[in-house]
**Q** 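Would you mind keeping the following structure in view while I ask a few things?
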Protein chains: 2
Amino acid sequence: MAVKPKVKCQKCAMYSETGLFCDVISPDELDGLSDESRTATLKRGETFSGEALTTWPIVAVATGVLSMQHLLEDGRKSIAALFMQGDIIDLRDISNRNRGHLIALSTSNVCRLSPAMFQRIMESNPDAQHVVWRNLRDQTFRAIDHSADLSKKQALEKLASFIFECRHRQARNVSENSVVIPVRRVDLAEYLGMQPETVSRCFRNLEERGIVELKSIKHVKLLSIPALRRIANGDKNPVNLRDPAKDTFKILSFG
Amino acid sequence: MAVKPKVKCQKCAMYSETGLFCDVISPDELDGLSDESRTATLKRGETFSGEALTTWPIVAVATGVLSMQHLLEDGRKSIAALFMQGDIIDLRDISNRNRGHLIALSTSNVCRLSPAMFQRIMESNPDAQHVVWRNLRDQTFRAIDHSADLSKKQALEKLASFIFECRHRQARNVSENSVVIPVRRVDLAEYLGMQPETVSRCFRNLEERGIVELKSIKHVKLLSIPALRRIANGDKNPVNLRDPAKDTFKILSFG
DNA sequence: CACAGCGTTTGACTTTCGTCAAACCCTTGG
DNA sequence: CCAAGGGTTTGACGAAAGTCAAACGCTGTG
């Protein structure tokens with residue numbers, strides 16, 4: 001009977017954007033999932049209670065930015081990951097070990113998916129499985145790349161990498177050399193493991209060198225993408241001075 | 001007919017260890033997968049050629065330690081992730097974007113799984129799907145936790161966290177307060193985003209304070225787990241001085 | 001409209017960690 | 001068994017980024 005999406009799904013990006021989870025499942029599956037799931041709007045700084053996450057450990061992000069934050073004993077906190085549109089955050093079975101908190105960085109619309117329905121769809125619908133699998137792998141490699149960025153020592157390099165990360169995530173919506181920074185300076189600093197002051201100094205540095213232009217606090221225009229790319233790749237000099245002998249490793253032949 | 005595992009699988013940890021992928025699939029599935037897959041032994045420093053990874057993008061780790069390394073233009077490199085027994089590394093569709101290299105840090109036995117067979121088993125066997133899904137989520141949250149560790153400023157804190165990470169991964173095999181560091185100092189330094197000299201100084205620091213004892217270069221005995229835990233959590237003082245008012249965030253109630 | 005409060009930027013100073021150089025140690029191979 | 005080579009440790013020094021303090025700017029609200 002009900003083959004039209006529920007009211008709450010009709011305007012939700014998880015359904016209306018091409019290729020996201022609720023777009024690739026069948027109308028019946030969407031109907032069942034919708035019945036058992038709960039939408040929510042979070043404002044900046046809000047999180048879910050532990051109780052809510054136990055019952056609803058699977059969160060789909062429709063709009064906005066969520067973060068996984070870790071708190072240290074002395075009050076320092078770090079943002080370990082960012083989640084945006086289309087990300088499905090599956091926290092089943094890890095709430096105890098992992099002491100991270102899921103906190104909104106901007107007003108966000110999310111949908112807490114019914115674990116049972118989600119599981120059933122995953123087991124029966126290869127398309128859905130593919131989308132979710134792909135999204136989780138993207139999250140994994142994003143986190144791995146981010147780890148690589150963090151262990152890159154230079155603050156400027158980390159900022160350059162982050163600008164490309166933002167650009168990559170909004171590839172379609174935005175013109176070629178305009179990038180939106182979707183988080184505040186303080187959050188950006190915590191994500192990159194540095195201080196807001198340092199973030200500010202690095203933006204100024206890039207601007208003084210004519211590599212970017214800050215149209216507003218969150219709109220960055222890229223004036224020299226190659227220069228920014230070289231910085232992100234750890235190339236401080238204008239000429240590439242890498243010694244190719246230093247990074248050899250044996251290649252295991254096909255067998 | 002063939003319901004006994006292929007010779008190459010009989011001693012492989014992916015099959016013989018409880019709960020790993022090749023242990024939870026059916027004998028027929030294992031048989032088919034084995035026929036289409038390729039085992040390999042890598043020595044320290046060896047990697048797969050790009051060509052090999054295009055044809056065999058799914059690598060299961062049976063023994064040893066593999067790393068995902070990123071090279072910077074000036075020769076610096078960073079180890080962004082570590083893969084150990086039971087990890088299934090799925091590099092399908094990401095070889096181009098992600099410039100990381102999969103490199104062995106110690107002698108390792110791996111199995112390049114047939115993508116077609118892997119996919120078929122994933123779609124038809126919920127148990128296998130569950131194991132692989134769980135493993136990928138572990139990889140994701142390990143990478144996220146690692147990002148949090150890296151953005152924690154202090155070198156000592158990062159080392160303490162790493163010791164717990166090692167302990168966590170070898171929970172069953174080893175006695176309560178003995179931990180094996182499965183990688184060399186240089187690799188450890190690159191994984192934690194610091195210099196080998198700093199790693200050395202931090203180990204000495206922990207030893208001088210009576211928190212750990214180095215039985216050998218890779219065997220660490222934990223003398224005071226609570227003290228190590230406090231360091232890992234960013235608590236520099238003996239007494240916990242955190243101001244609870246500083247880390248409040250609004251909790252979105254159940255709805 | 002003006003004020004309050006937070007977020008951001010700037011500058012001066014401090015500290016941690018990286019850099020360089022050399023000694024030491026452990027493994028590997030002749 | 002000895003020698004060679006890479007990996008690890010130690011110490012002295014320097015630089016990048018953190019800390020502190022204050023000014024500036026934006027935003028929302030009475």
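Computed over heavy atoms, backbone and side chain alike; hydrogens, waters and symmetry mates excluded. Chain letters run A, B, ... following the sequence lines, proteins first, then strands; residues in each count from 1.
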**Q** Partners of A:Cys202 by side chain to side chain contact (heavy atoms under 4.5 Å, CB included), sequence neighbours excluded?
**A**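 A:Ala155, A:Leu156, A:Leu159, A:Met194, A:Thr198.
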
**Q** Would you kindly give the CG-to-C1' distance between A:Asp187 and C:dT8, to the nearest whole Å?
**A**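 So the CG-C1' distance, A:Asp187 to C:dT8, works out to 13 Å.
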
**Q** Which nucleotide in the set C:dG7, C:dC17, D:dG18 lies at the smallest distance from any side-chain heavy atom of B:Thr198?
**A**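 Of the options given, the side chain of B:Thr198 lies nearest C:dC17.
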
**Q** Round to the nearest Å and state the distance from A:Gln154 atom CD to D:dG18 atom C1'.
**A**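 Answer to the nearest Å: 15 Å.
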
**Q** C:dT9 phosphate, OP1 or OP2: any side-chain N/O from A:Arg204 under 4.0 angstrom?
**A**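 A:Arg204 to C:dT9 OP1/OP2: no side-chain N or O under 4.0 Å.
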
**Q** Can you figure out which of C:dG11, D:dT9, D:dG18 approaches the side chain of A:Gln195 most closely?
**A**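 It is D:dG18.
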
**Q** Whole-Å distance between D:dA16 C1' and A:Met194 CE?
**A**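 Checked: the CE to C1' distance equals 12 Å.
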
**Q** Can you measure B:Arg185 atom CZ to C:dT27 atom C1' for me and round it to whole angstrom units?
**A**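 Nearest whole value for this atom pair: 16 Å.
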
**Q** I'd like to check the salt bridge (Lys or Arg N to Asp or Glu O under 4.0 Å) partners of B:Glu197; sequence neighbours left out, ordered by chain and number.
**A**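 Listed in chain order: nothing, the list is empty.
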
**Q** Find the bend of the helix from C:dC1-D:dG30 to C:dG30-D:dC1 as the angle between its two terminal axes (five pairs each), to the nearest 10°.
**A**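 Here the local axes at opposite ends form an angle of 40°.
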
**Q** Please give, in whole Å, the distance from C:dT8 P to A:Glu190 CD?
**A**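 Going from CD in A:Glu190 over to P in C:dT8 covers 11 Å.
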
**Q** Show me the pairs that pass ring-ring contact (aromatic ring centres under 6.0 Å, His included) and involve residues 176-201 of chain A, at least two apart or across chains.
**A**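 Applying ring-ring contact (aromatic ring centres under 6.0 Å, His included) to every pair that reaches into residues 176-201 of chain A, excluding sequence neighbours, yields A:His146-A:Tyr191, A:Phe162-A:Tyr191.
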
**Q** Less than 3.5 Å apart, any donor N or O on the side chain of A:Ser49 or A:Glu51 sitting next to an acceptor on the other?
**A**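 Side-chain D/A pair, A:Ser49 to A:Glu51: absent.
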
**Q** Could you check whether B:Asn205 and B:Arg201, counting side-chain N and O atoms only, form a donor-acceptor pair closer than 3.5 Å?
**A**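 There is no such pair (donor and acceptor under 3.5 Å, judged by atom type) between the side chains of B:Arg201 and B:Asn205.
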
**Q** Taking N or O atoms only and anything under 3.5 Å, show me the protein contacts with nucleotides 20-29 of chain D, one pair per line.
**A**
| residue | atom | partner | partner atom | Å |
| --- | --- | --- | --- | --- |
| D:dC20 | N4 | A:Glu197 | OE2 | 3.0 |

**Q** Round to a whole Å and report the spacing from CG of B:Leu192 to P of C:dT16.
**A**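 Rounded to whole Å, this separation is 19 Å.
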
**Q** Quick one: salt bridge (charged side-chain N to carboxylate O under 4.0 Å, His left out) pairs with a partner in residues 216-229 of chain A, sequence neighbours left out?
**A**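 Qualifying pairs, neighbours excluded: none.
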
**Q** Taking side-chain hydrogen bond (donor to acceptor under 3.5 Å, both in side chains) as the definition, give me every residue that meets it alongside A:Thr63, ordered by chain and number, with sequence neighbours left out.
**A**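 Here the qualifying residues are A:Asn109.
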
**Q** Using whole Å, report how far CG of B:Leu150 lies from C1' of D:dA17.
**A**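 Spelled out: CG on B:Leu150 to C1' on D:dA17 is 16 Å.
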
**Q** Counting only side-chain heavy atoms from C-beta out, which of D:dT9, C:dT8, D:dA17 sits nearest to A:Arg184?
**A**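 The answer is C:dT8.
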
**Q** Please report, rounded to the nearest Å, how far the C1' atom of C:dT9 is from the CG atom of A:Leu159.
**A**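 A:Leu159 atom CG is separated from C:dT9 atom C1' by 15 Å.
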
**Q** Tell me every residue that passes side-chain hydrogen bond (donor to acceptor under 3.5 Å, both in side chains) with B:Asn135, counting only those two or more places apart in sequence or in another chain.
**A**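 For B:Asn135 the side-chain hydrogen bond (donor to acceptor under 3.5 Å, both in side chains) partners, ignoring immediate neighbours, are B:Asp87, B:Gln139.
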
**Q** Among residues at least two apart in sequence or on other chains, which ones pass side-chain hydrogen bond (donor to acceptor under 3.5 Å, both in side chains) with B:Gln195?
**A**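 If we apply the side-chain hydrogen bond (donor to acceptor under 3.5 Å, both in side chains) test to B:Gln195, skipping adjacent residues, there are no hits.
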
